[in-house]
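Worksheet: one structure, shown below.
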Amino acid sequence: MKTVFITGANKSIGFETARQLLQQGFYVYLGSRNLQNGQKAVEQLKAEGLENVEAIQIDVTDENSVKNARKAIGKSTDVLDVLINNSGISGGKFDVEGNFIPQTAADTSVDVFKEVYDINVYGVIRVTQAFLDLLKKSDEPRIVMVSSSQGSITLHSDPNYKYYHFKGAVYLSSKSALNMYTVNLAYEFQNTNFRINAVSPGFTKTDFNNNLGTGTVEDAAKRIIKYVLIENDGVTGKFFCEETNPETGEIPW
């Protein structure tokens, strides 16, 4: 039975990804910053007859928490087949009417950048580095970075891009940084069976965007799982968003 660890999996896209992978025969380590919330999510999945799941407490901004998560999973398995770096925040705020308050490059505080980067970038690095030893023991190791088309510098430089006017200096740049980390990591493991890709689930309706999204968590999870299931001769070091490019999925960095 293949194993997968998903950060931020107690709700929304992460939770649905856990559900679908359980349905496909995976053993799921469900990461949650709040262990009680993680356990509630596990109970819900087990109530659906999906038994091969356990909650793992992890705060990706806390080095000790990441190390403890690695120890906890290491007690259960010697091999991790898949890591899905799903945890993330936008750092965005909404007004009383539910409208997004722009994150401007001219005025947004460095403290907001630090907060977002600590989860979206540094958190991914902490987790990835902590679990590489278990992933290296898999015959088909996969790492999926849950990114966003909003991190594409090419697209956001194009006035014809449909989200061109939805600028968010903090969130967008954090995903661009995550994408570059993905490229570098994939390069370092290019001559192995690792397949490491960045995947944008699309503009999905969740509390992450105050439910302004138009896509479903079911579709978002399917898009992520596609790159969990690729073969050893499949792509690596690529960036995908099926919402933006329905034909091949690949989009420019």
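Heads up: numbering here begins at 1 and tracks the sequence.
Checking side-chain atoms of Thr192 against main-chain N and O of Phe189 turns up a donor-acceptor pair under 3.5 Å. Under a 3.5 Å cut-off, the side chain of Ser176 and the backbone N or O of Leu172 do form a donor-acceptor pair. Distance alone, capped at 3.5 Å, is enough to place a donor-acceptor pair between the Asn120 side chain and the Ile89 backbone. With hydrogens and angles ignored, the 3.5 Å screen pairs a side-chain donor or acceptor of Ser87 with a backbone N or O of Gly8. Between the side chain of Arg223 and the backbone N or O of Pro201, at least one donor-acceptor pair lies under 3.5 Å. In terms of modelled atom types and a separation under 3.5 Å, the side chain of Arg142 and the main chain of Ile230 share a donor-acceptor contact. No donor-acceptor pair under 3.5 Å is formed between the side chain of Asn37 and the backbone N or O of Asn10. When atom types are taken as modelled, the side chain of Asp118 and the backbone of Lys114 share no donor-acceptor pair closer than 3.5 angstrom. Judged purely by atom type and a 3.5 angstrom limit, Ser152 uses its side chain to pair as donor or acceptor with the backbone of Pro252. Judged by distance alone, the side chain of Ser200 and the main-chain N or O of Ser149 form a donor-acceptor pair under 3.5 Å.
Residues Gln36 and Lys40 have side chains in contact (heavy-atom distance under 4.5 Å, counting atoms from C-beta outward). The closest side-chain heavy-atom distance from Asn197 to Met145 is not below 4.5 Å. Side-chain contact between Val146 and Ile13 is absent, with no heavy atoms from C-beta onward closer than 4.5 Å. The closest side-chain heavy-atom distance from Leu80 to Val4 is not below 4.5 Å. The shortest side-chain heavy-atom distance between Phe15 and Gln20 does not fall under the 4.5 Å cut-off. A heavy-atom distance below 4.5 Å is not found between the side chains of Val60 and Val124. Side-chain atoms of Val28 and Thr3, non-hydrogen and from C-beta on, never get closer than 4.5 Å to each other. A heavy-atom distance below 4.5 Å is not found between the side chains of Thr7 and Ile56.
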Set out, in order, the CA-CA distance, both residues' side-chain angles and the distance that settles ring-ring contact (aromatic ring centres under 6.0 Å, His included) for Tyr27 and Tyr29, then state yes or no.
CA-CA 7 Å; Tyr27 191 97; Tyr29 298 100; 5.1 Å; yes
Test side chain to side chain contact (heavy atoms under 4.5 Å, CB included) on Lys238 and Glu250; report intermediate values, then the result.
CA-CA 7 Å; Lys238 299 293 185 178; Glu250 187 171 357; 3.3 Å; yes
Assess the residue pair Leu30 and Leu45 against the criterion (side chain to side chain contact (heavy atoms under 4.5 Å, CB included)); give the C-alpha distance rounded to whole Å, side-chain angles, the decisive distance to 0.1 Å, and a yes or no.
CA-CA 11 Å; Leu30 187 151; Leu45 290 168; 3.8 Å; yes
Given side chain to side chain contact (heavy atoms under 4.5 Å, CB included), test Leu134 with Val79 step by step and report yes or no.
CA-CA 5 Å; Leu134 292 181; Val79 179; over 6 Å; no
Using side-chain hydrogen bond (donor to acceptor under 3.5 Å, both in side chains), reason through Thr128 and Asn85 one step at a time and then give a plain yes or no.
CA-CA 8 Å; Thr128 301; Asn85 283 305; 3.0 Å; yes
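Ion pairing between a basic and an acidic side chain is recognised when a charged N comes within 4.0 Å of a carboxylate O; Lys226 and Glu242 show such pairing. Between Glu231 and Arg195 there is no salt bridge, since none of the side-chain N atoms of the basic residue sits less than 4.0 Å from a carboxylate O of the acidic one. Looking at Glu43 and Lys46, no side-chain N of the basic residue comes within less than 4.0 Å of a carboxylate O on the acidic one, giving no salt bridge.
Take Arg33 and apply the salt bridge (Lys or Arg N to Asp or Glu O under 4.0 Å) test, not counting sequence neighbours, and it matches no residue. Under the ring-ring contact (aromatic ring centres under 6.0 Å, His included) criterion, Tyr181 pairs with no residue, sequence neighbours left out.
Note: the hydrophobic cluster containing Phe166 does not contain Ile153 (ILVMFWY, side chain heavy atoms under 4.5 Å, direct or indirect links). Under the 4.5 Å side-chain heavy-atom criterion for grouping Ile, Leu, Val, Met, Phe, Trp and Tyr, Val110 is not connected to Ile119 through any hydrophobic cluster.
Residue pairs satisfying the ring pair (Phe, Tyr, Trp, His ring centres under 6.0 Å) criterion with at least one member in residues 220-253, sequence neighbours excluded, are listed as follows: Tyr227-Phe240, Phe239-Trp253. Counting only residues at least two apart or on different chains, no salt bridge (Lys or Arg N to Asp or Glu O under 4.0 Å) pair has a member in residues 151-170. Applying the ring pair (Phe, Tyr, Trp, His ring centres under 6.0 Å) test to pairs two or more places apart or on separate chains, those with a residue in residues 110-142 are Phe5-Phe131. Among pairs with a residue in residues 53-68, those fulfilling salt bridge (Lys or Arg N to Asp or Glu O under 4.0 Å) read Glu63-Arg126, at least two apart in sequence or across chains.
With values rounded to the nearest 0.5 angstrom, Leu21 atom CG is found 10.5 Å from Lys2 atom NZ. Atom-to-atom distance recorded for Leu185:CG and Gln129:CD is 8.5 Å, nearest 0.5 angstrom. The CD atom of Gln190 sits 10.5 Å away from the CD1 atom of Ile196 when rounded to the nearest 0.5 Å. The line from OG1 of Thr17 to CD of Glu218 is 10.5 Å long, rounded to the nearest 0.5 Å.
The distance between the ring centers of His156 and Tyr161 falls below 6.0 angstrom.
In the model, Ser32 has no side-chain atom that pairs as donor or acceptor with a side-chain atom of Gln57 under 3.5 Å. For the residue pair Asn179/Thr182, the side-chain donor-acceptor check at 3.5 Å is not satisfied.
When all heavy atoms of Gln150 and Tyr163 are compared, the closest pair comes out as NE2-CB, 3.3 Å.
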